[in-house]
Structures are given as C-alpha cells and as structure tokens.
Amino acid sequence: MPRTRNLSSSELLSVVDANGMSEYHSAMSKYPFNEIEKKWQEYWDEQKTFKVTEDPSVPEEKRLYVLDMFPYPSSQGLHVGHPEGYTASDIYSRFMRMRGYKVLHPMGFDSFGLPAENYAIKTGTQPRVTTEENINLFINQIKTLGFSYDWDRQVSTHRPEYFKWTQWIFLKLFEQGLAYEDEAPINWCPSCKTGLANEEVKEGRCDRCGAEVNRKSIRQWILKITEYADRLLEDLELLDWTESIKSMQRNWIGRSEGADVKFKLADGSEEFEVYTTRPDTLFGATYMVLSPEHPLVEQVTTEARCADVQTYLEEAQKKSDLERTDLAKDKTGVFTGSYAINPVNGKEIPIWVADYVLISYGSGAIMAVPGHDQRDWEFAKKFDLPIIEVLQGGDVQKEAFIGDGLHVNSEFLDGLNKEDSIEKIITWLESKGLGKRAVNYKLRDWIFSRQRYWGEPIPIVHCDECGPIPLPEEELPLTLPEVESYKPTGTGESPLAAIDEWVNTTCPKCGGPGKRETNTMPQWAGSCWYYLRYLDPKNETQLADLDKIKYWMPVDLYVGGAEHAVLHLLYARFWHKVLYDIGVVNTKEPFQRLVNQGMILGEGGVKMSKSLGNVINPDDIIRDFGADSMRMYEMFMGPLQVSKAWSTKGLAGVHRFLDRVWRVSDRPVIDEEPPKHYLQLLHKTIKKVTEDTEGLEFNTAIAQMMIFINEIFQEKQIYRALWEPFVQLISPYAPHLGEEMWVKLGNTPSISDTPWPQWEEELTREEEVTVVLQVNGKVRAKVNLPAGTEEETLKKTAIENERIAQWTGGKQVVKVIAVKDKLVNIVVK
RNA sequence: GCGAGAGUGGUGAAAUUGGUAGACACGCUAGAUUUAGGAUCUAGUGCCGUUGCGGCGUAAGGGUUCAAGUCCCUUCUCUCGCACCA
C-alpha cells in the first residue's frame, strides 16, 4: 500500500486509455530544471553545505583533497572545457563525501595575466577592475553548474593578501641563492613585448600569442630550477600520474650522461671543453665545432679566415630561432683556420663554427664524430671532412652508425662494445686529467621576470652601493602602483619603470637611494602554490599553518588539462620542493594523483574556435537543458581522459534520460518489498556505479543508471527500497535533481549528507547464465543454465545439444573445453 | 627523427584473468499517439547473402592458442609532446 503519494502535475494529467493502461506522460513532463537548480544552488550557498574544517577526529585516511586547476578569469567566461574537469572532480568529491570522507574541494582564480593588461592598453580600464568583474562573472557561472566547492576558501592570485606570500616565497628563493640576475640572450616575444621561459616557447613561437620568438639580451631574474633537476626527475617515481605526462617531464628535464673532454688548441695557447655522451668515439673525432656565440670564436679565427667567419656570425645572428632549428635546412658553417689536438691520439683536427651547435647546451662546443652522429655526418658530407669508422656495424660512408658494435681504429678500445668502452675511456681520461664524467640537462634555468605590469612586483631594491637587496618581509606585500599607461615599453623595462615615485625608494640595507625592480613575475608564480593557500586562505602571519598543511597535503586528486604538463606542473613541483627544504611543507611532492581531462572538440571533431563559429557556450546549454544535463552529458561523452567531439544531439539524449528519471519520481511510492529481479538490478547498479565512480569511469556508470531506469520505467509505481538508493547514486552526477527527488521522497536535505548505498554481493550475482556452445571456436548455440553449473555437466549439455550435434555429426571429437558460466568449445576433426 | 598514446558500426563509445564483439547513447527505419516549446511510446538497426539459416567482421598482414579487440612480430594511419640537446 502506498504510504506516501506524491502530488504531481503528471499524475493529475495522466491518461488512462481504453485498455486501462495509464501513461504517466504529459505536457508537463519536462522537468523544471530551472527552478530546481536555482533552488538548490541557493540552499547550498546559504547552508554552506560543502564547508570543511580541520576536524582532528577525522582519521587521516578519511581526509581527501580534491583539486581543480583554477581558471584564468577571462572576459569570455567559461567555455565547455572548464566544466568537464570540474564536473569530474565534483562527482568524485560528492561521491567520496557520501562514503564518509572529509573532502576539501576549493576553487579560486589565477588572476594575474596578459589579457587583462592588454585590455587595459586598449581601453585604459584598470586590470584590477576588469579582473574583479571577470572573477564575479566566473563565480556566477561556476555556481550555475552546482559544484560543491567550499567557497570560503576562495583565493585570487592578484589580491595583495595573496601575492604577499608569492613575494615571500620569492624572497626565500633569493635567500637560498635560487634567484639570480643575469643579462643573457633570452626568448623574446615581440608581440607580448616580454621575455619568455623556454617552457613558454612552442615550435619557436610564443605559446600565448603565436608570434615568432626572437633573441634579445636583457637583464633578467632567473630561478635555478636546474639545481632541482635530479630531484624533479627522480621523484616522478613517487607520483600517480599518467606515463605520458611523466615522460614529457622526463624529456623536458632531459638528463644525459657522458663526459667533459678537454681539447687544446694546436698552438697550445688555450684549452676548451666539450661535452659528449659518446666519449668512446673520440678516435673518430675529425673536427671540432664551436657555436657562433662561443667566447673562443674570435681568438681561434685566423686572419685569413676572419672575413668569412665574420660574415657567417652576422648571418647566424640574423636567423630567428625558428630558422636555426629548422631541420629541413642545410647545415651551415665556416672554418676558423685553427686546429685543436685530439687528446687521445694527438692528431690535429680543424675547428669550425656552425650554428647547429647551440651555445646554451653543454659548453657550446662539440667534438664532431661524423661516423657515428647523424648531424656531424651531414656536416662532414657537405664540407668534405673525413669520416672515420670507430664502431663496426654499419657503413659510415652511407650514413652515421649510431648502434652498438665492436670498436675499431681506437687503439685500446678496439674490440670493446659501446658500454664497456665508454667506461674505459672515461677512466682513462680522468686518470690523465683530460676529462671527467659529466651529466647534462636539457632543462634550463627559469627566466622568471616579465617586462609587463599586471603581475606580482619582484620585491627587490637595486642599490648602487649594495646591489640587489630584498625587501624586508614586513614591507610585503609590495603592491602595484596606479599607472597612466599600461603599454609595455619594449625596451626591456616594464611600464612600472615610468612611475618615479614608485621606483625611487631607499635601500633597505644602507638607507641610501635605491630603485625598485620594475620587472614583474610571470603568471606561473601565483599558480605555483595556490593549492597551499586554500588550506589557510586568511592567514596573515604565514603562507599557511603547517598543521593545516599536514592535515590535508598532498593533493589526493588533481584534475586539469594536459597543456600544463611541463609548465605549471614542473614549476609548482620545483617551488614545492624548495618549500619542503625550508620546512614550510611536509611532503616532497604536491600532487599525488593527476588526471588530465581530454579536450572537448566542436561537432564533427574539429577544434572549437571563434573563427569556425562552433563554440559552445555553457550558459546557453544550462539555460536550455539545465546544469545537470550539461554535467551528465560531458561525463557520458566518453572516457574523461580522451578528446571527444561535442554533440548537441547527444546532450539532448542525456537530457531525455534525466527527464525520464524525473517522470519516474512523479509516480506513487510504495513501501512493499520489491521483486527480486529488481533488487538484483539495483545491487548490480550500486556495484557498477560505485566502482566506476571510484575509478573516474563516469561514462559507464551513467550507462548502468540508464539500464536501471529503462527497466524500472515499466512500473507504474516506484518501490521506495529501489528508488531511494538510486536517487543517492545519481545525486553526485545530477546533484540538483538528486536533492529535489530526495525531498520529494519525504526526506530532509541534504542528500550529500547521506551514506552511500551498499550492495550485497549475493544479489549482484546472476542465478542463471547464458552459456555459449561452440564448435571449433564458432558459436553454434546458447543455453541458459544455473550459475555455477559444473564443467562436466556443461560438456554433457553441449554434446547432447541437438544444434551442436548437427555440427559435430560424423566428425571426431578431439577435445572439449568447458569454462564455468561462460562456454563450452568442442573441437572436432 | 626521438618519446608517449591511440586506431572497434553511419556517430560517441562498451567489453575482469584471452572466453557471446558492439552494452549504453546518438542517428536512422517502421509503427502508435490531435503530439506546444529540442515531444512521448513500441519494435528494428555491424556488414553481406538465396534471411526460420549461413558467411564475414575490432587499421593491414602474419603468429601463439581449443579460443585473440585483448598476447607476440611486421607494416600503415592519426593525436600529443620534444625537436640539430652532441
């Protein structure tokens, strides 16, 4: 007997046809997602449903930190890519809360950055003003998606109370000797008018604007990330990240082992070092190459060669990075006129200058072994330099042989393989003082200053007497002054340089006149440590309280785009390790588990872009279909980690599903014991949804919920014992609908405070299974048998089956294989 | 070129340890319903054929196995990252 009845519009309008079949569909069947969603968003906000505190009674293993990569608050608002990762982490957070975990799930804004500044240049509007406006826009948009953030922990990197601590970390880096000034040629984006880190240059172009990057020599602040190269590499082992991201970081760090070898000039005047990973091929070195920027170039150039070398250097300098690294291009170079002595055999070999050798790697000079290095081989062929085979296995006149083999023409290395001779030659070089074992990295120090306005000021005062002096901590935050023009000067000075009253100050050390550093920090600075500030966002005396850090760290799940593989994720790891070394944090690594969501492409699998006009605006989707549909669709599209194409038809399908769920919830509730087959379906559904949600396999969890609804939809009433658990299962996915249906059942909110349903393994097992009968591996019949039927019985059933008999008749049975609850395969000849 | 990952219907995709390929959804087809607002309900839908049956089928080719989307080898294609790193 129904104990409670839901008065619903659908019921009032339900139709009973001539056969007495009633149809619970009607004009009103579209569920009122707009009302429901608004209602529950306000409820969560007012009740602070998702606020968390550091409750010491919660055991450590029940504390969970689920983090999203925070967005840059652009004036464009959210795009459909944002809700993908945010929904995934939100479902996981809500799910884990219901499973008894205390979940920290915060959100904030990476609010320093170029777009606001560029907008300021165009319109004169202060970046601070636009940024605050955009943050409000983002918060409103994010709230319409029903995410369970603890909004009391929100941070924005551009606010002084936040960047005070970004500056504080810079001072610590400076104290540790990890921040230094240098004037060196760096990547310069002529469009953004600022220097860039190596990580920000993609294929010779600015990662942000796509302009071709050139070289410019300006004074820079640089962070010694290379000092942490080994630890950044080794500690990747500790992390639960995908292999592809780990390998990108490994490649980026680019550790290689080899030797530094000293070469003397033939006239004995000078000695210089080269780095090689193949010291075993020293006997095959037939020439040397200096990079055009190498300090020795001038000295080794003979008078006769001077004009040619000069011309070459000028040409090399004119080339952009893009041209210099273009592999399709022929190798170029010029002979200096001088010779070096090969330390292993005393032979004189010519010294060339060529731009295929980079000044920024190793010592900027190489020994060229054309027989066993493809680049050297191409150069030798072009300039007709000798090619000597020192390792057998290929034909060095046809191409460089880089494989392993036995050494020849190498005196004491002859007959040894690659590995052994590398060891032997290094020992030999070290004993003679001619060289030493060496390690090199592709990773370069981090060019940290930007010649722009809208970033954290670097808290340094330049004093003629004392040099660069850090501001005392009490003077932080050092805030940005108002400026008249935001325009970058392009001279290597930021717009701050024009504000005399800000620039001119006193030296904190000697009290004499000083000038403030006018460069600002890159956008990555703020995002290097924001996950720590969430733990204690209002702390005025420290970055975050160590007890709170210990309570939550490390981040248990970090969800975001793969585009940050070697930028944010490498920089943040670096800072975290520095903070670890000075005792500010207690973990070696910040982000234990990382999941990268795939990109959402436009319809048809092409990239979403304004120019193609295929950009989907989340606001429109939420208005027309509701946030729950948006959330569920993005999770149903496919696996979280892969790219997938948007389909509004697909979205409508998921919306239809939620509509069906709603219509079920309109049916009368009965408290009777549900039939067993429904109970079994429920328990299977609980199991599948639980396991899949835990593994972030949301698409298959949703498919199971659809199967459940398709079955249950046949009934004219709903069994409370089935429906309550189902509403709980769907609630992390469609939280507004979940809350609404929960109270509709007569319960009190919030459903997120209820314990996640449990399944009984017994009820998830089928009593009857379909066993496939095969002959020679082909399915010839199917029979339904009780689960657990013994193999012998299966075989007997198969052999006696008449359809099988048709296939085995007259043939010799060679073998019968039976797999319990699966199949029988009869092999005949 | 090097590194990583991926190729399954018309589409997005499912598929413990190798054990019914294509769950779920979109689209499509047919039918039902005077059907307000991206309707709903029912049935069908991998391809081919002589359609109450059979053949073929997970990028291509080969192999291991009673049995391969899954394991091994070769080739091709695509995506991402790096790109003269000595």
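Only this structure's heavy atoms are used, side chains among them; waters, hydrogens and symmetry mates stay out. Treat the numbers as computed from the prediction; the structure is a model and nothing was measured. Throughout, protein chains are lettered first and strands after them, A, B, ... in sequence-line order, and every chain is numbered starting at 1.
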Exercise. Without swapping roles, check the side chain of Lys644(A) against the backbone of Pro639(A) for a donor-acceptor pair under 3.5 Å.
Key: yes
Practice problem: Using a heavy-atom cut-off of under 4.0 Å over every strand shown, decide if Phe636(A) touches base, sugar-phosphate, or nothing. | Solution: base
Quiz item: How would you label the contact of Phe625(A) with the nucleic acid (heavy atoms, under 4.0 Å): base, sugar-phosphate, or nothing?
Solution: base
Quiz item: Quick one: are the ring centres of Tyr633(A) and Trp646(A) less than 6.0 Å apart?
Solution: yes
Quiz item: Considering only side-chain heavy atoms of Ser256(A), which listed nucleotide, C41(B), A4(B), A86(B), is closest?
Solution: A86(B)
Exercise. Without swapping roles, check the side chain of Lys246(A) against the backbone of Leu236(A) for a donor-acceptor pair under 3.5 Å.
Key: yes
Quiz item: Can you give the dot-bracket line for RNA chain B, using ( ) for pairs inside the strand, [ ] for pairs that cross earlier ones, | for pairs with another strand and . for unpaired bases, where Watson-Crick and G-U count if both distances are under 3.5 Å?
Solution: (((((((..(((......[....)))((((((.......))))))((((...))))..(((((..]....))))))))))))....
Self-check item: Length of the line joining Glu243(A):CD and G5(B):P, which is rounded to integer Å
Solution: 7 Å
Can you pull every protein N or O that's under 3.5 Å from an N or O on nucleotides 44-55 of chain B?
unit_1: G55(B); atom_1: OP1; unit_2: Arg780(A); atom_2: NH2; d: 3.1
unit_1: G55(B); atom_1: OP2; unit_2: Arg780(A); atom_2: NH1; d: 3.1

Practice problem: Quote, to the nearest angstrom, the C1' distance that separates U34(B) from G9(B). | Solution: 38 Å
Quiz item: Would you say a side-chain N or O of Lys782(A) is under 4.0 Å from OP1 or OP2 of U20(B)?
Solution: no
Quiz item: Base, sugar-phosphate, or nothing for Gly362(A), non-hydrogen atoms under 4.0 angstrom?
Solution: nothing
Quiz item: Toward the 5' end of RNA chain B, which comes first, Asn198(A) or Ser643(A), by nearest nucleotide?
Solution: Ser643(A)
Self-check item: Chi-angle category of G9(B) [syn within 90° of 0, anti beyond]
Solution: syn
Quiz item: Contact class for Tyr633(A) vs. all strands (heavy atom < 4.0 Å): base, sugar-phosphate, or nothing?
Solution: nothing
Quiz item: If we take the C1' atom in both G63(B) and U50(B), what is their distance in whole Å?
Solution: 36 Å
Quiz prompt | P atoms of G44(B) and A23(B), separation to the nearest Å | solution = 12 Å
Practice problem: Please identify each residue that fulfils side chain to side chain contact (heavy atoms under 4.5 Å, CB included) with Asn251(A), with sequence neighbours left out. | Solution: Ser247(A)
Quiz item: Which whole-number value in Å describes the distance from Lys382(A) NZ to C84(B) P?
Solution: 17 Å
Quiz item: Is the distance from OP1 or OP2 of C82(B) to the nearest side-chain N or O of Lys202(A) less than 4.0 Å?
Solution: yes
Exercise. Check every strand shown and say whether Asn776(A) touches a base, only sugar-phosphate, or nothing at a heavy-atom separation below 4.0 Å.
Key: nothing
Practice problem: Determine the contact category for Lys246(A): base if any of its heavy atoms lies under 4.0 Å from a base atom, sugar-phosphate if only primed atoms, P, OP1 or OP2 are that close, otherwise nothing. | Solution: nothing
Quiz item: Under the 3.5 angstrom rule, does the side chain of Asp260(A) hit a backbone N or O of Lys436(A) as a donor-acceptor pair?
Solution: no
Exercise. Calculate the interatomic distance between Trp252(A) atom CH2 and G81(B) atom P; express it in whole Å.
Key: 12 Å
Practice problem: May I have the distance from Glu199(A) (atom CD) to C82(B) (atom P), rounded to whole angstrom? | Solution: 10 Å
Self-check item: Rounded distance in Å - CD1 (Ile707(A)) to P (A14(B))
Solution: 14 Å
Quiz item: Roughly how many Å is it from CG in Asp260(A) to P in A86(B), rounded to a whole number?
Solution: 12 Å
Practice problem: For Lys442(A), report the nucleic acid contact type (base, sugar-phosphate, nothing); a contact means any heavy atom under 4.0 Å. | Solution: base
Quiz prompt | Under 3.5 Å: donor-acceptor pair, side chain of His372(A), backbone of Ile402(A) | solution = no
Quiz prompt | Lys/Arg N to Asp/Glu carboxylate O, Lys381(A) vs Glu399(A), below 4.0 Å | solution = no
Self-check item: Inter-residue atom distance Thr648(A).OG1 - Asp620(A).CG, 0.5 Å rounding
Solution: 10.0 Å
Quiz prompt | Distance in angstrom units between Leu794(A) CG and U20(B) P, rounded | solution = 14 Å
Quiz item: For U40(B), does either OP1 or OP2 sit under 4.0 Å from a side-chain N or O belonging to Arg656(A)?
Solution: yes
Quiz prompt | Euclidean distance, atom CE of residue Met635(A) to atom P of A25(B) [Å, nearest integer] | solution = 19 Å
Exercise. Identify whether any heavy atom of Arg444(A) sits under 4.0 Å from a base atom; if not, whether one sits that close to sugar-phosphate; answer base, sugar-phosphate or nothing.
Key: base
Practice problem: Kindly label the base of U77(B) as syn or anti, based on whether its glycosidic torsion lies within 90° of 0. | Solution: anti
Quiz item: Which nucleotide sits closest to the side chain of Thr277(A): A86(B), G19(B), A21(B)?
Solution: A86(B)
Quiz item: For C41(B), does either OP1 or OP2 sit under 4.0 Å from a side-chain N or O belonging to Arg663(A)?
Solution: yes
Quiz item: If we take the C1' atom in both A25(B) and A15(B), what is their distance in whole Å?
Solution: 16 Å
Self-check item: Heavy-atom donor-acceptor pair, Lys684(A) side chain to Gln704(A) backbone, under 3.5 Å
Solution: no
Quiz item: So, Ser256(A) and Tyr275(A): side-chain donor and acceptor under 3.5 Å apart, yes or no?
Solution: yes
Exercise. Tell me, with the steps shown, if Lys796(A) and Glu790(A) meet salt bridge (charged side-chain N to carboxylate O under 4.0 Å, His left out).
Key: CA-CA 10 Å; Lys796(A) 196 158 166 276; Glu790(A) 291 302 321; over 6 Å; no
Quiz item: Hey, is NZ on Lys382(A) packed in by over 12 heavy atoms from elsewhere, all under 6.0 Å?
Solution: yes
Exercise. For Val827(A), report the nucleic acid contact type (base, sugar-phosphate, nothing); a contact means any heavy atom under 4.0 Å.
Key: sugar-phosphate
Exercise. Tell me which of Asp376(A) and Ile817(A) sits closer to the 5' end of RNA chain B, going by the nucleotide each one is nearest to.
Key: Ile817(A)
Practice problem: Determine the interatomic distance between P on U45(B) and the same-named atom on U8(B); round to the nearest Å. | Solution: 23 Å
Self-check item: Candidates A14(B), U20(B), A13(B) - which lies nearest the side chain of Thr700(A)
Solution: A14(B)
Quiz item: Given A83(B), A13(B), G27(B), which nucleotide is nearest the side-chain atoms of Asn699(A)?
Solution: A13(B)
Quiz item: Do the ring centers of Tyr287(A) and Phe379(A) come within less than 6.0 Å of each other?
Solution: yes
Practice problem: Could you measure between the two C1' atoms, the one in C2(B) and the one in U65(B), and give it in whole Å? | Solution: 36 Å
Self-check item: Pairwise C1' distance, G61(B) and C53(B) [rounded to whole Å]
Solution: 32 Å
Exercise. Could you please name the option among C26(B), G19(B), A86(B) that lies closest to any side-chain atom of Lys822(A)?
Key: G19(B)
Quiz item: Does Asp445(A) use its side chain to pair, donor to acceptor, with the backbone of Thr226(A) at less than 3.5 Å?
Solution: yes
Practice problem: Quote, to the nearest angstrom, the P distance that separates C26(B) from C71(B). | Solution: 32 Å
Quiz item: Closest to the Ala703(A) side chain: A86(B), C24(B), C41(B)?
Solution: C24(B)
Exercise. Would you indicate what Leu823(A) reaches in the nucleic acid, counting non-hydrogen atoms under 4.0 angstrom: base, sugar-phosphate, or nothing?
Key: base
Exercise. Go through the N and O atoms of the side chain of Lys331(A) and the base of C84(B), and report whether any donor-acceptor pair is under 3.5 Å.
Key: yes
Quiz item: Counting just side-chain N and O atoms, does Thr242(A) come under 4.0 Å of either OP1 or OP2 of A4(B)?
Solution: no
